[in-house]
4 protein chains.
Amino acid sequence: MPKVSEAHRHNRRKQILDAAIECFSHRGFQRTSMDDIIRESKLSAGAIYLYFQSKDQIIETLADERHDREKQLIQQSLSQGDWTENLRLLVRNFYESLENSAERKERRLGIHLWAEALCNPKVLRLIRRGINQPVKLLSQAIGEAQVDGLLGKDIDPEAAARVLIAMFHGLILQQAWDDGTDIESFAVVVQAMIDAYLSTESRRRP
Amino acid sequence: MPKVSEAHRHNRRKQILDAAIECFSHRGFQRTSMDDIIRESKLSAGAIYLYFQSKDQIIETLADERHDREKQLIQQSLSQGDWTENLRLLVRNFYESLENSAERKERRLGIHLWAEALCNPKVLRLIRRGINQPVKLLSQAIGEAQVDGLLGKDIDPEAAARVLIAMFHGLILQQAWDDGTDIESFAVVVQAMIDAYLSTESRRRP
Amino acid sequence: MPKVSEAHRHNRRKQILDAAIECFSHRGFQRTSMDDIIRESKLSAGAIYLYFQSKDQIIETLADERHDREKQLIQQSLSQGDWTENLRLLVRNFYESLENSAERKERRLGIHLWAEALCNPKVLRLIRRGINQPVKLLSQAIGEAQVDGLLGKDIDPEAAARVLIAMFHGLILQQAWDDGTDIESFAVVVQAMIDAYLSTESRRRP
Amino acid sequence: MPKVSEAHRHNRRKQILDAAIECFSHRGFQRTSMDDIIRESKLSAGAIYLYFQSKDQIIETLADERHDREKQLIQQSLSQGDWTENLRLLVRNFYESLENSAERKERRLGIHLWAEALCNPKVLRLIRRGINQPVKLLSQAIGEAQVDGLLGKDIDPEAAARVLIAMFHGLILQQAWDDGTDIESFAVVVQAMIDAYLSTESRRRP
DNA sequence: AATGAATGAGGCTTCATTCAT
DNA sequence: TATGAATGAAGCCTCATTCAT
């Protein structure tokens with residue numbers, strides 16, 4: 001058994017996962033057959049099973065790799081010191097990522113994963129984990145904003161974080177259903193809502 | 001002349017659709033076999049094909065019937081005269097519908113439809129139609145609010161409507177992934193955001 | 001159970017058999033579903049089973065009724081006294097029946113029965129019976145022609161009869177496969193062959 | 001690299017087609033289920049679909065391969081120089097092929113194809129092609145015989161060819177319906193008819 | 001490591017026939 | 001008599017996975 005370099009293994013895995021993303025994002029998990037992935041990856045049936053134990057494992061792997069993007073999106077945006085600026089950056093980054101058509105496939109895949117999570121415990125666990133991290137990051141930041149007096153203390157930071165993420169998810173859906181969706185105008189509204197929300201408290205102070 | 005009553009036909013259809021919802025919401029469209037639906041409906045294979053031409057047609061029928069709920073939700077909430085009160089009602093109604101565990105199945109089904117729309121043109125068309133109506137209703141109302149001076153004229157009413165709906169969709173997702181999600185606290189945040197948003201303009205005026 | 005007139009029963013049967021011929025001649029026996037026949041006959045499923053026990057029985061009934069035509073064709077043509085004239089008439093009649101497009105359906109049905117006979121013993125028996133009678137009629141006549149010295153005694157009358165019928169069957173096939181087949185030119189050739197055949201013997205005699 | 005040899009692929013195809021012929025010739029196309037063919041071929045369901053796209057394609061393949069035999073039969077018989085001898089050979093060869101019980105299955109299959117052609121456009125096209133070639137060969141030869149003065153110029157060569165083929169087809173039918181059919185006596189009659197037909201013209205000449 | 005032919009359970013749907021009305 | 005809804009076995013085909021090479 002001619003053992004192969006780690007780099008080779010990594011490339012093969014990527015080759016398979018890329019093919020899987022291509023197929024899954026177009027036709028969903030169940031409609032995509034292993035044959036589709038085999039054809040797209042230009043590998044053989046046997047080869048794929050050398051790198052993944054099953055179709056489900058491919059799906060799980062993709063689910064696992066998926067939410068990194070969102071986490072990064074948020075982490076990048078929270079690196080600044082200024083809290084208001086942070087949020088502005090977050091919305092901006094999110095808006096730009098939606099505009100990035102290269103990621104369209106990944107977003108579609110993400111939606112399939114959201115549904116898959118409802119009937120696949122492993123995917124569900126991964127999705128939850130994938131959402132908890134951003135929630136934690138965001139609510140931490142919001143908590144700090146409260147401490148700084150930028151936000152009313154009556155707000156539940158986690159709830160606020162989740163609402164923000166919900167908005168993002170919902171917009172991803174709408175864009176996936178209608179490619180012509182005007183993302184820019186979304187961003188304006190979202191930014192305005194956040195601005196209004198943030199300024200509420202500051203106004204309360206004399 | 002055993003031509004059966006219209007009521008009987010209607011009941012049978014419902015029997016099938018209920019079984020389908022039960023199955024689909026648990027296991028998604030493709031993982032659910034016709035045999036599952038047959039067993040759940042306690043009908044025979046042939047009987048089902050007396051009422052629906054194919055599995056896909058059942059899915060489409062469900063997609064068609066699905067978004068009525070959302071439309072109703074919004075229509076009910078916009079019947080009042082007072083605009084601010086209307087929005088409060090909308091959020092309240094949505095919150096209550098999320099709490100209503102009887103509709104949990106339907107919401108899970110809805111999520112499956114969201115993903116299905118990505119690879120099923122007919123479902124996509126139905127989803128779009130299902131979303132356009134609420135958007136129209138909401139943006140009309142928002143437009144009126146602008147005329148009344150409750151909202152800045154620089155806001156795109158449709159974008160605002162879509163953001164609101166996005167939030168709802170996103171929250172449906174989070175609740176589906178985690179039954180323990182604290183819906184009440186969501187509602188508080190959403191309401192606060194809207195309040196803040198609405199009051200922005202009024203503050204501008206002396 | 002309101003017993004119905006014999007005429008009524010007869011009409012219903014004809015209604016069903018006509019529908020069956022229409023369907024079977026177009027799509028063969030197995031491709032035609034009972035539903036096709038039900039629709040074509042404008043009766044109900046139950047009604048048909050009041051008159052026939054099964055789909056197979058309909059087929060058998062049609063097979064039974066089918067070969068009367070051929071028998072008639074031959075019987076008509078053998079009524080004359082002059083033997084040569086008889087054969088001329090037979091060919092003529094056959095030629096005319098092929099031209100008769102109203103019977104096209106029946107001829108197609110006949111071909112389906114020929115194939116069906118290969119895997120349906122009852123139909124096979126009926127086909128055999130349907131062929132034996134013409135063979136008997138024809139070979140009897142040929143036998144008489146031999147006695148009259150019109151034909152060589154070395155000819156097997158039954159074989160000659162069967163060859164004649166084979167020709168007819170083969171021509172039915174060719175016409176069924178190609179509607180534009182030139183039947184008239186067939187008739188000329190067949191007639192010429194028969195003429196030549198018959199005159200062989202007469203020539204032998206000084 | 002288990003990409004299998006071309007010979008292996010060819011054998012598998014033959015294995016499937018042989019099984020199909022066995023089944024189809026006994027029970028016709030529609031009565032034969034894929035399961036029958038699978039069982040008879042001793043392959044798995046999936047394996048068969050590796051070689052043929054559908055049941056219909058198997059039927060079409062058989063139709064395609066079928067009429068070679070008839071063509072060969074005629075071609076072999078027309079290789080001689082002497083025209084009269086050619087026809088004698090043709091009849092002889094046909095007679096022998098009918099006697100050959102190993103081909104009985106193929107002849108039964110052929111009859112099923114004749115009926116199938118009436119409701120399957122692809123098979124119809126193949127049958128037509130399968131008949132046109134023999135017709136062309138035969139009528140060419142007959143045309144040459146006319147030039148040689150062996151046959152009256154008033155005869156349509158194609159019609160004569162078609163009548164000859166019709167006779168063959170008709171005899172195939174009769175033999176299929178009754179295994180005891182006396183083929184030898186058929187041959188005698190057919191030969192006698194042809195002889196008589198051919199000698200007509202020569203007699204006209206002084 | 002890599003191939004791709006082979007497996008066979010299981011998917012969707014049709015259809016001849018029955019039976020309550 | 002007549003209806004047509006209902007049955008459920010059986011039909012064709014697909015697909016994730018394995019294994020000899």
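Protein chains get the first letters and strands the later ones, always in sequence-line order, with residue 1 at the start of each. Note that the structure is a prediction, hence the values are computed from the model and not measured. Side chains included, hydrogens not; waters and symmetry mates left out as well; all remaining heavy atoms used.
Between H8(D) and the phosphate of dT21(F), there is no side-chain N or O to OP1/OP2 separation shorter than 4.0 Å.
Base pairing analysis places dA1(E) opposite nothing; no Watson-Crick or G-U wobble pair with both distances below 3.5 Å involves it. Using N1 to N3 plus N6-O4 or O6-N4 for Watson-Crick, or N1-O2 and O6-N3 for G-U wobble, each under 3.5 Å, dG8(E) pairs with dC15(F).
With the nearest nucleotide of DNA chain E identified for both T32(B) and K42(A), K42(A) has the one nearer the 5' end.
At a threshold of 4.5 Å between non-hydrogen side-chain atoms, the residues D36(C) and R39(C) count as touching. A 4.5 Å side-chain heavy-atom check between K122(B) and I59(B) finds every atom pair outside the cut-off.
Here E22(A) pairs with K105(A) in a salt bridge; the nearest charged N to carboxylate O distance falls below 4.0 Å. With respect to R31(D) and E116(C), a salt bridge is recorded, a charged nitrogen being found less than 4.0 Å from a carboxylate O.
Of the residues in residues 43-57 of chain C, those with a non-hydrogen atom less than 4.0 angstrom from any atom of DNA chain F are S44(C), A45(C), G46(C), A47(C), L50(C), Y51(C). Taking every heavy atom of residues 14-22 of chain B and every atom of DNA chain E, no pair lies under 4.0 Å.
Heavy-atom neighbours of H8(A) NE2 from other residues, nucleotides or ligands within 6.0 Å: above the threshold of 12.
R12(C) comes within 4.0 angstrom of the backbone, heavy atoms only, and of no base.
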